[in-house]
Amino acid sequence: METNDRDSRHKARMIRKKAVIDEKIEQAKVEKGVLLILTGNGKGKSSSAFGMVARSLGHGMRVGVAQFIKGRSDTGEEAFFREHPLVSWHVLGEGFTWNTQDRQRDTDTAMRGWEIVAGMLQDPAIHLVVLDELTYTFKYGYLDEQMVLDAIANRPPMQHVVITGRGASEALRNAADTVSELMDVKHAWRAGIKAQAGIDL
Ligand code: ATP
Ligand code: MG
């Protein structure tokens, strides 16, 4: 019978696959804080980072979130997570660069914000640090990238860091353990669909 044949081929294939995966699981033994970069032009960078915030909180971990370029104050993630006792939530930007239009002022804001982040990156009680839209602070020269990379390199060994934002540099990608480049295949916005609560904010 053709179905039987297909079923047994499937089973044989899954047995081989399981052996390969078990071997990989066996080899992955290192426990350490990881640095993740979520970059690219597609949607899903910040929302993925907040997915990891939810996961971490589910494990009773402490989380610090810093939002560098803050476009709006009415997001669902802020309303939801800010109230959580294990979350410290910091809005460190005054808005999109095309709204503030003032580089010196944005630099001062980013530098004040950096003091808070530098503290989190020295605090082993914070298990996950999310630096949302951080890449733009390098692009516009608000923060020195090497200073940030040094602080990340010297963070507590078990602390995870997630950085989001378009255009992550080579240096940032090299420093990271995991890098995802979100590709923009299509976006509802270009078809004239407004940002939707629960999806975009
Ligand atoms: P999200 O927060 O939805 O995961 P993101 O962090 O990947 O998005 P940002 O550049 O921070 O992307 O996006 C800010 C806002 O712009 C969000 O409302 C997001 O849904 C929307 N957006 C993301 N990617 C695109 C795109 N390619 N075109 C238009 N709008 C986008
Ligand atoms: Mg984002």
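Just so you know, residue 1 is the first one in the sequence shown, and it goes up from there. Just follow the structure's listing: the first ligand is 1, and inside any ligand the first atom is 1. All of these numbers come straight from a predicted model, not from anything done at the bench. Keep in mind that the numbers below use all heavy atoms, side chains included, and drop hydrogens, waters and symmetry copies.
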**Q.** Option set His187, Arg190, Lys43, Lys186, criterion heavy-atom distance to atom 22 (N) of ligand 1, minimum
**A.** His187

Q: Ignoring hydrogens, just give me the one of Arg166, Lys45, Gln196 whose non-hydrogen atom is nearest atom 24 (N) of ligand 1.
A: Arg166

(Q) Is there a polar contact, in the sense of an N or O pair closer than 3.5 Å, between Ala195 and ligand 1? (A) no

Q. With distance as the sole test, does Asp132 use its side chain to make a donor-acceptor pair with the main-chain N or O of Thr164 at under 3.5 Å?
A. no

Q: Treating Ile, Leu, Val, Met, Phe, Trp and Tyr as nodes and any side-chain heavy-atom pair under 4.5 angstrom as an edge, say whether Val162 and Ile37 lie in one connected cluster.
A: no

Q: Just jot down the ligand 1 atoms closer than 4.0 angstrom to any heavy atom of Asn41, in number order.
A: 24 (N), 26 (C), 27 (N)

Q) Would Glu133 and Ser46 count as having a side-chain donor-acceptor pair, cut-off 3.5 Å? A) yes

Q) What atoms in ligand 1 come closer than 4.0 Å to a heavy atom of Asp184? A) 27 (N)

Q. Do you know which two heavy atoms are closest between Lys45 and Leu38, and how far apart they sit?
A. O-CD1, 3.4 Å

(Q) Nearest 0.5 angstrom please: Arg55 CZ to His160 NE2, how far? (A) 11.5 Å

Q.
Please determine whether Thr164 has a backbone or side-chain N, O or S atom lying under 2.8 Å from the Mg ion (ligand 2).
A. no

Q: Please report the closest heavy-atom contact between Glu31 and Met158, naming both atoms and the distance.
A: O-SD, 3.9 Å

Q) Which N/O/S atom belongs to Glu133 and is the closest one to the Mg ion (ligand 2)? A) OE2

